[in-house]
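The structure presented is a predicted model; accordingly, all values stated were derived computationally and were not measured.
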Amino acid sequence: MDIKRLIQDDDAVSPVIGVILMVAITVILAAVIASFVLGLGDQAQQATPQASFSWEYEGGGTDTVTITHDGGDSIEAQELYVRGDFDSGGDSADTWGGGTFDGTSISGASEVTAGNSIDVDAGPAYELRVVYEPVEGDTSATLSEDSGPNA
């Protein structure tokens, strides 16, 4: 028996490995193409807007917090909420664009852009958050939060 010939005789191994690799590549390509054709690879998620807000508390009888959109993305007013403990009536929430916060009227703007602000009645121990909740979808994100001087 010739051992050198046995070690060097690999004629049958090469074609089998080549066929297995070709089948694997074909299956992977078919799966990738099928996922895009069926729309599985193109499910866009709604991005949370990037915006900055400033907070200013004015005490001395007025007890008002002014929340100002300083910059970043424009946000639909109906998707923006102020939530938390107002220290003047407990927990509450309402949209930025309509309704009232503890009796303070909010402008009826449809979109909140840089420079827009609202005044919220809140005592010195308030703990409030500006929350983004899209109309379509069941997610929310806190964009900004602040606490009063006595919180």
Side-chain angles (χ1 to χ4, degrees), residues 10 13-151:
D10 58 356
V13 174
S14 232
V16 171
I17 291 176
V19 169
I20 290 173
L21 288 175
M22 291 297 284
V23 169
I25 290 171
T26 304
V27 168
I28 290 171
L29 282 173
V32 168
I33 291 170
S35 70
F36 283 109
V37 168
L38 296 175
L40 299 176
D42 192 28
Q43 293 181 354
Q45 294 181 349
Q46 188 168 8
T48 301
Q50 300 297 315
S52 61
F53 294 87
S54 62
W55 301 74
E56 185 178 332
Y57 174 72
E58 184 179 326
T62 59
D63 289 337
T64 303
V65 177
T66 302
I67 307 170
T68 305
H69 183 294
D70 286 337
D73 297 333
S74 297
I75 306 167
E76 290 293 323
Q78 64 193 20
E79 297 177 337
L80 206 55
Y81 293 82
V82 176
R83 295 213 164 115
D85 184 0
F86 289 82
D87 188 39
S88 61
D91 290 347
S92 185
D94 205 342
T95 61
W96 183 295
T100 59
F101 293 106
D102 294 341
T104 302
S105 183
I106 308 304
S107 71
S110 63
E111 190 172 73
V112 179
T113 58
N116 292 132
S117 64
I118 59 170
D119 292 323
V120 177
D121 288 345
Y126 71 88
E127 293 183 13
L128 299 175
R129 301 177 315 277
V130 174
V131 178
Y132 170 73
E133 285 187 14
V135 174
E136 296 176 9
D138 55 353
T139 60
S140 68
T142 299
L143 301 179
S144 182
E145 56 189 320
D146 191 51
S147 300
N150 296 345

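Of all non-hydrogen atoms in A122 and V65, the two that sit nearest each other are CB-CG2, 3.8 Å. Of all non-hydrogen atoms in G71 and A114, the two that sit nearest each other are CA-CB, 3.9 Å.
For the atom pair CG (N150) and CD (E127), the distance works out to 11.0 Å, reported to the nearest 0.5 Å. Rounding to the nearest 0.5 angstrom, the gap separating the CG atom in D85 from the CG atom in L128 is 7.5 Å. Taking CG from L80 and NE2 from H69, the interatomic distance works out to 8.0 Å, rounded to the nearest 0.5 Å. The structure places CG of L21 at 10.5 Å from OG1 of T26, a figure rounded to the nearest 0.5 Å. Taken from OG in S140 to CZ in R129, the straight-line distance is 8.5 Å, to the nearest 0.5 Å. With rounding to the nearest 0.5 Å, the separation of CG in D119 from OG1 in T68 is 8.0 Å.
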Verdict with supporting geometry, D73 and Y132, side-chain contact (heavy atoms from CB on, under 4.5 Å)
CA-CA 12 Å; D73 297 333; Y132 170 73; over 6 Å; no

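Side chain to side chain, S52 and D70 fail the donor-acceptor criterion of an N or O pair below 3.5 Å.
Considering only heavy atoms from C-beta on, Y57 comes within 4.5 Å of D63 through its side chain. At a threshold of 4.5 Å between non-hydrogen side-chain atoms, the residues L143 and V131 do not count as touching. Annotation: side chain of E111 is in contact with side chain of E76 (closest heavy-atom distance under 4.5 Å).
Aromatic ring orientation, Y126 versus W55: parallel (interplanar angle below 30°, classes split at 30° and 60°).
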